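Heads up, the thing below is written out as structure tokens.
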Amino acid sequence: MRKILNLVIIFMLTISANAQNEINTIPIDSMKRTKENSEHYTWGDNCSGWHLVKSQKLSIIEELMPPNTQEKKHFHEFSEQFFRILNGTATFEIENEIIKVEKGQGVHIPPGTKHKIRNDQSQNLEFIVISRPTTRGDRYNEPFEE
């Protein structure tokens with residue numbers, strides 16, 4: 001029993017040391033994220049997104065929606081999301097309700113919640129969307145199957 005316990009301790013110390021070495025090999029400057037050093041993509045009608053963090057467990061995207069644009073209503077089975085408005089006013093359709101979310105405010109979307117974001121304003125809408133886990137492969141658009 002003592003031999004097994006010693007092996008477990010050695011294994012845990014090895015894992016801890018390897019994890020610390022991985023952290024130490026990442027240059028600190030590469031941890032700083034901006035739109036300029038992040039992967040860019042376009043979607044919808046001339047909307048833009050920048051992947052600030054892109055992993056299976058966490059997605060953080062800065063997005064820009066020009067005036068009078070919107071996404072399709074959809075839901076995520078596993079992902080929860082938080083939208084934080086940086087500039088402008090967002091109109092959200094959440095289930096069958098419509099709410100306005102202004103600069104400095106945010107909204108939490110639990111998994112399974114049907115939603116979409118619109119920019120009904122005459123200025124650009126800029127926001128951060130945080131998804132946990134990532135929404136890649138976990139998006140179901142309207143029309144919804146019952």
Side-chain angles (χ1 to χ4, degrees), residues 7-146:
L7 287 173
V8 168
I9 291 170
I10 290 169
F11 178 71
M12 296 302 286
L13 289 172
T14 303
I15 289 173
S16 177
N18 287 340
Q20 189 61 43
N21 286 340
E22 282 184 29
I23 291 169
N24 291 337
T25 60
I26 300 171
I28 297 298
D29 276 352
S30 72
M31 292 181 187
K32 287 171 55 176
R33 305 305 302 165
T34 65
K35 289 194 310 188
E36 290 73 24
N37 71 5
S38 297
E39 178 186 338
H40 175 258
Y41 68 97
T42 57
W43 60 273
D45 190 16
N46 208 24
C47 298
S48 287
W50 293 266
H51 288 282
L52 303 175
V53 175
K54 185 179 179 183
S55 74
Q56 282 301 111
K57 292 181 181 178
L58 178 66
S59 171
I60 303 176
I61 302 171
E62 184 168 340
E63 299 208 27
L64 183 143
M65 294 179 72
N68 303 307
T69 57
Q70 64 183 323
E71 66 176 348
K72 293 180 180 174
K73 196 165 192 180
H74 64 281
F75 73 93
H76 308 285
E77 186 176 1
F78 302 106
S79 301
E80 65 179 313
Q81 295 185 297
F82 182 78
F83 292 80
R84 169 97 161 126
I85 307 306
L86 302 175
N87 283 305
T89 300
T91 301
F92 281 89
E93 291 182 32
I94 302 174
E95 295 293 342
N96 296 318
E97 307 251 342
I98 294 179
I99 63 166
K100 300 268 188 202
V101 182
E102 298 179 0
K103 178 180 178 177
Q105 298 177 330
V107 64
H108 175 242
I109 309 290
T113 305
K114 296 171 186 157
H115 65 283
K116 81 174 184 179
I117 185 172
R118 301 190 321 238
N119 182 6
D120 297 337
Q121 308 300 308
S122 60
Q123 65 181 21
N124 286 340
L125 171 63
E126 298 174 55
F127 59 94
I128 299 281
V129 59
I130 302 167
S131 305
R132 184 184 69 160
T134 182
T135 59
R136 286 188 307 278
D138 183 30
R139 182 182 170 115
Y140 304 91
N141 289 331
E142 231 174 11
F144 304 113
E145 294 180 14
E146 294 298 320

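Here the structure is a predicted model, which means the values were calculated and not measured.
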(request) Would you check if I117 and F92 make a side-chain contact, meaning some heavy-atom pair closer than 4.5 Å? (result) yes
(message) Just checking K54: does its NZ atom have more than 12 heavy atoms from other residues, nucleotides or ligands closer to it than 6.0 angstrom?
(response) yes
(message) Please report the interatomic distance CH2(W50) to CZ(R33), rounded to the nearest 0.5 Å.
(response) 13.5 Å
(request) Could you tell me whether the side chain of N87 and the main chain of N124 form a donor-acceptor pair under 3.5 Å? (result) no
(message) Please check if the number of heavy atoms outside N141 that lie under 6.0 Å from its CG is greater than 12.
(response) yes
(message) Check whether T42 reaches the backbone of S48 with its side chain - one donor and one acceptor, N or O, closer than 3.5 Å.
(response) no
(message) Rounded at 0.5 Å granularity, tell me how far SG in C47 sits from CD in E71.
(response) 9.0 Å
(request) Would you confirm whether E95, through its side chain, and K114, through its main-chain N or O, come within 3.5 Å as a donor-acceptor pair? (result) yes
(message) Looking at E97, I'd like to know if its CD atom is crowded, meaning that more than 12 non-hydrogen atoms belonging to other residues, nucleotides or ligands lie closer than 6.0 Å.
(response) no
(request) Measure from the side-chain N and O atoms of D138 to the backbone N and O of E77, and report whether any donor-acceptor pair falls under 3.5 Å. (result) yes
(request) Have a look at N119 and tell me which of N68, T69, L64 forms a side chain to side chain contact (heavy atoms under 4.5 Å, CB included) with it. (result) T69
(request) Measure across T134 and S79 and return the closest heavy-atom pair with its distance rounded to 0.1 Å. (result) O-OG, 2.8 Å
(request) Starting from the C-alpha separation in whole Å, work towards a yes-or-no answer on side-chain contact (heavy atoms from CB on, under 4.5 Å) for K103 and E126. (result) CA-CA 9 Å; K103 178 180 178 177; E126 298 174 55; over 6 Å; no
(request) Apply the side chain to side chain contact (heavy atoms under 4.5 Å, CB included) test between T91 and each candidate in D120, I99, L125, V101; give the one that qualifies. (result) D120
(message) Looking at E102, is its backbone amide N or carbonyl O close enough to the side chain of T89 to form a donor-acceptor pair, meaning the two atoms are under 3.5 Å apart?
(response) no
(message) Rounded to the nearest 0.5 Å, what separates atom NE2 in H108 from atom CD1 in I94?
(response) 10.5 Å
(request) Using a 4.5 Å cut-off on heavy atoms from C-beta on, say whether the side chain of P67 contacts that of Q121. (result) no
(request) Mind listing the closest non-hydrogen atom pair of F78 and P111 along with its distance? (result) O-CG, 3.7 Å
(message) Rounded at 0.5 Å granularity, tell me how far NE2 in H74 sits from CD in E142.
(response) 11.0 Å
(message) Angle between ring planes, F83 versus F127, binned at 30° and 60°: parallel, tilted or perpendicular?
(response) tilted
(message) Pairing donors with acceptors under 3.5 angstrom, does anything connect the side chains of S131 and Q81?
(response) yes
(message) By the definition side-chain hydrogen bond (donor to acceptor under 3.5 Å, both in side chains), identify the one residue from H115, Q70, R118 that meets it with E93.
(response) R118
(request) List the atom of A90, the atom of I85, and the distance in Å for their closest heavy-atom pair. (result) CB-CD1, 3.6 Å
(request) Would you give the length of the straight line joining atom CD of E63 to atom NE2 of H51, rounded to the nearest 0.5 angstrom? (result) 8.5 Å
(message) Measuring from atom NE2 of H40 to atom CD1 of I61, what distance do you get when rounded to the nearest 0.5 angstrom?
(response) 11.5 Å
